[in-house]
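Working notes for the structure below.
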Amino acid sequence: MAIQNADKNTFKDLIAQDFVIADFYGTTCVPCKLFSKILEDIAAEIPFLNIVKLNTTDNPEIAEELDIHAVPTIHFYKDGQLVDSHVGVMQPQEVKDIIAKYMYA
Amino acid sequence: MKSRVLHAKDFRSIDIKPYVKPFVPDEEALEGELRRLANPHVRWEAGTAVSSGDQVLCALRSGCPRFNRENVRFVAGSSMFHKELEALSIGMSTGETREIDLPEGRVSLTVRSVMNRVVPELTDAMAEALGLEGVSNLEEYRAYLLVQQKEKYLEQAVWEPFQHLRERMLAETEFVLFKEDWQAGMRQKLERCRVLFRQEGIVMEEATERDFEGRIPVKSYHELVAMLQRDEWDTLLMHLLGKYYAQSDGFTVTEADYEQYIADYTKMWHTTEDKAREVDPYDSFVYNEYASHAVHILREYAKTQF
């Protein structure tokens with residue numbers, strides 16, 4: 001599984017190449033835990049997918065910098081560029097639709 | 001505060017059964033959660049034939065540039081690449097080529113390599129590895145999940161019986177009430193809102209409908225005052241009930257509780273300690289904690305009726 005935990009020092013490097021899903025979550029956020037499980041399922045299904053998780057409670061500076069005001073927020077990056085984003089829990093097929101749209105573009 | 005409880009209604013004598021909807025386990029969700037145990041143990045092994053869920057590396061040939069590519073990798077049946085092409089690949093072997101007519105034109109797909117997805121059987125060791133207290137095998141993990149599922153259900157389902165219990169308690173408990181206590185509580189809540197607005201650079205009395213949007217479910221300052229006046233009545237009664245129960249169950253609110261609250265508030269709202277204390281001074285924290293204590297007692301009792 002390609003799920004990596006980022007912090008303010010590593011985040012930008014981790015999203016710099018290829019297609020990356022960034023999951024911004026909070027320590028006490030219950031919907032975040034639900035979405036985390038959905039991402040784990042997707043990672044187990046698609047092993048070459050890059051997923052980066054960032055705890056906004058512990059890393060408020062980068063959340064501020066990226067304009068993250070609610071969690072979970074999901075960013076989709078292609079070679080470091082933000083190509084799509086979503087606030088709130090996404091269903092598995094919604095995530096896959098965005099993968100299909102950008103990963104092979 | 002001069003207001004107090006004169007005689008508390010015994011909440012156990014209030015029938016809330018008509019509002020209790022029994023818990024029915026969601027077996028499908030339970031099985032899905034159990035299957036998740038295998039996720040970290042999924043293996044990818046080089047194979048020759050493609051089944052649904054396998055990784056496929058292929059070459060595509062087509063007049064359409066999108067489908068004229070070398071080394072395209074996807075998971076067959078995942079719908080993440082292309083539904084029809086993924087379906088076409090299922091049942092193919094390494095080196096084999098098949099063609100399909102898509103709206104974009106004819107596409108030829110050659111399978112270069114296959115990685116078969118191998119999902120191991122669930123074992124007791126997988127459950128034990130979770131490190132959950134009291135869970136050392138699959139059966140115990142299933143029981144644990146069932147408890148979790150029920151607790152989650154109760155958090156939602158308890159709302160209706162709790163509301164009924166609360167309404168009856170407030171209506172049938174005898175209180176001695178002083179208007180100035182209600183006014184003091186009201187002023188406290190209003191001041192809290194004023195501070196919160198001020199910290200965002202807004203004068204509460206001049207706040208517009210847009211200023212309130214997403215913050216408080218009112219459209220004007222006057223609506224806010226009316227809402228706080230209405231809500232404070234019940235909050236005061238719940239506070240008095242909380243104080244009443246605390247006399248016998250030993251519940252107390254300490255400065256350490258307050259400091260923890262301020263630390264949590266500061267972290268959650270990314271603010272300073274000073275600002276957190278300005279929003280919720282110690283006295284208002286204590287006042288609200290006793291009201292929450294009464295809520296807790298009634299909710300926990302309502303849960304036991306499921």
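We name chains A, B, ... by the order of the sequence lines, and we start the count at 1 in each one. Values in this document were obtained by computation on a predicted structure and should not be read as measured data.
In this model, a donor atom of one side chain and an acceptor atom of the other lie less than 3.5 Å apart for B/Y261 and B/D280. Side-chain contact of A/D84 with A/H86: a donor-acceptor pair under 3.5 Å is absent, judged by distance alone. Using modelled atom types and a 3.5 Å distance limit, the side chains of B/Q199 and B/E278 yield a donor-acceptor pair. Checking A/N59 against A/D7 by side-chain atom types alone, no donor-acceptor pair falls below 3.5 Å.
Ring to ring, B/F212 and B/F197 are close: their centroids are under 6.0 angstrom apart.
For a residue to count as touching a neighbouring chain, one of its non-hydrogen atoms must lie under 4.5 Å from one of that chain's; by this rule A/E64 does not touch chain B. Residue B/V119 does not touch chain A at all, counting heavy-atom pairs closer than 4.5 Å. Heavy atoms closer than 4.5 Å to chain B are found nowhere in A/K101, neither backbone nor side chain. A/T27 does not touch chain B: none of its heavy atoms, backbone or side chain, sits under 4.5 Å away.
When each of B/K267, B/R73, B/M115, B/M268 is checked for heavy-atom pairs under 4.5 Å with chain A, B/R73 comes out on top. Ranked by heavy-atom pairs under 4.5 Å with chain B, the first of A/D58, A/I46, A/I99, A/V30 is A/I46. Among A/K96, A/E45, A/K37, the residue making the largest number of heavy-atom pairs under 4.5 Å with chain B is A/K37.
Put simply, the side chain of A/M103 reaches to within 4.5 Å of the side chain of A/L49, judged on heavy atoms.
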